[in-house]
Visitor: 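After the structure tokens below, expect a handful of questions from me.
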Amino acid sequence: MSVVIQNNERIEITERMSTGLRVFLFIIGLLPWMAPYELLIKPGWTGFSLFTLFFLAISLGAIAVSLAFMAGAVFGLNQTLTIDPIRRTITHAYESTVTPLRVREYSFSQLKSVEIMTHDWDNGPSTYGLKFTFTDGHKTEPGTLESKIEAEQLKEKIEQISRE
């Protein structure tokens, strides 16, 4: 869930993945392992047949889905982007469960671009985010905003602060 805090001193965009969500995703990631067990191990296949290839393909697909959920749980980022007009810096702090906290600090002159990104979903309304690109090639897209107007206003405010 994203949180945007704006005041006279700074703009802070925070996106965190809760521990509960991480545990849930990891547990959901364990469930697809039932397919290889039920289709390949439990029947005790002794020879090769076309059914073996079919069940092997299903099992490999289940393992791929499982690994995707587990990777999301383990590698999902907690990140905060802070725009500080007083110090004229942009600070990007990010971490996951397996990587330590990393902090990158940039001056406003190192900000190459701020773009509005649209995320179209199959099962709900589109969401929007800001993509920050810096001169050293570092890119980040912290936070998700529900309205395009909110994203445009935030982008305009950030660009105005960086020009001052």
Visitor: Within a radius of less than 6.0 Å around CD of Glu105, do more than 12 heavy atoms belonging to other residues, nucleotides or ligands occur?
Guide: yes
Visitor: Less than 4.5 Å apart, side chain to side chain, heavy atoms only: is that true for Tyr106 and Asp136?
Guide: yes
Visitor: Before giving the answer on side chain to side chain donor-acceptor pair (under 3.5 Å), spell out for Gln79 and Thr140 the whole-Å C-alpha distance, their side-chain angles and the decisive distance to 0.1 Å.
Guide: CA-CA 9 Å; Gln79 60 182 336; Thr140 183; 3.2 Å; yes
Visitor: In a table with atom names and distances, give each donor-acceptor pair under 3.5 Å that connects a side chain of residues 66-73 to protein atoms at least two apart or in another chain.
Guide:
| unit_1 | atom_1 | unit_2 | atom_2 | d |
| --- | --- | --- | --- | --- |
| Ser66 | OG | Gly29 | O | 2.3 |
| Ser66 | OG | Trp33 | NE1 | 2.5 |

Visitor: Among the clusters formed by ILVMFWY side chains lying less than 4.5 Å apart, do Ile63 and Leu31 turn up in the same one?
Guide: no
Visitor: So do Ile158 and Ile11 actually touch side chain to side chain, heavy atoms under 4.5 Å?
Guide: yes
Visitor: Going hydrophobic residue to hydrophobic residue with side-chain gaps under 4.5 angstrom, can you get from Tyr37 over to Leu39?
Guide: no
Visitor: Looking only at heavy atoms, which two atoms of Val103 and Ala93 are closest? And how far apart?
Guide: CG2-CB, 4.0 Å
Visitor: With rounding to the nearest 0.5 Å, note down the distance linking CE in Met17 to CG in Leu77.
Guide: 8.5 Å
Visitor: Should Leu145 and Val4 count as side-chain neighbours, where that means a heavy-atom distance under 4.5 Å?
Guide: yes
Visitor: Could you tell me whether a side-chain N or O of Glu38 sits under 3.5 Å from a main-chain N or O of Ala35, the two making a donor and an acceptor?
Guide: no
Visitor: Any sub-3.5 Å donor-acceptor pair from Thr99's side-chain atoms to Glu95's backbone N or O?
Guide: no
Visitor: In terms of hydrophobic clusters joined by side-chain contacts under 4.5 Å, are Leu154 and Phe108 together?
Guide: yes
Visitor: Side chains of Phe132 and His92, heavy atoms from C-beta outward: is any pair under 4.5 Å?
Guide: no
Visitor: Please say whether more than 12 non-hydrogen atoms of neighbouring residues, nucleotides or ligands are located less than 6.0 Å from CD in Glu9.
Guide: no
Visitor: Kindly compute the distance separating CZ (Phe54) from OG (Ser49), expressed to the nearest 0.5 Å.
Guide: 11.5 Å
Visitor: Find the distance between CG (Leu81) and CD1 (Ile13) and round it off to the nearest 0.5 Å.
Guide: 5.5 Å
Visitor: Once rounded to the nearest 0.5 Å, what's the spacing between atom OG1 of Thr89 and atom CG of Asp84?
Guide: 4.5 Å
Visitor: Does the side chain of Phe134 reach to within under 4.5 Å of the side chain of Ile90, using non-hydrogen atoms?
Guide: yes
Visitor: Could you measure the distance from the OG atom of Ser2 to the CG atom of Leu130? Nearest 0.5 Å is fine.
Guide: 10.5 Å
Visitor: Go through the side-chain N and O atoms of Asp120 and Ser126 and say whether any donor and acceptor fall under 3.5 Å apart.
Guide: yes
Visitor: Would you please say whether a donor-acceptor pair under 3.5 Å links the side chains of Glu141 and His119?
Guide: yes
Visitor: Quick check on Arg10: does its CZ atom have over 12 non-hydrogen neighbours (other residues, nucleotides or ligands) under 6.0 Å away?
Guide: no
Visitor: Search all heavy atoms of Ser96 against all heavy atoms of Gly76 and return the closest pair with its distance.
Guide: CB-O, 3.5 Å
Visitor: Within a radius of less than 6.0 Å around CD1 of Ile149, do more than 12 heavy atoms belonging to other residues, nucleotides or ligands occur?
Guide: no
Visitor: Less than 4.5 Å apart, any side-chain heavy atom of Thr80 and any of Arg16?
Guide: yes
Visitor: Consider only side-chain N and O atoms of Thr127 and Glu146, and report whether a donor and an acceptor are under 3.5 Å apart.
Guide: no
Visitor: Quick check on Leu50: does its CG atom have over 12 non-hydrogen neighbours (other residues, nucleotides or ligands) under 6.0 Å away?
Guide: no
Visitor: Membership question, hydrophobic clusters at under 4.5 Å side-chain separation (ILVMFWY): are Tyr94 and Val74 in the same one?
Guide: no
Visitor: Give the cluster check for Val65 versus Leu21: same hydrophobic cluster or not, with ILVMFWY residues linked at side-chain heavy-atom distances below 4.5 Å.
Guide: yes
Visitor: Just verifying a value: how many Å separate Glu156 CD and Gln160 CD, rounded to the nearest 0.5 Å?
Guide: 7.0 Å
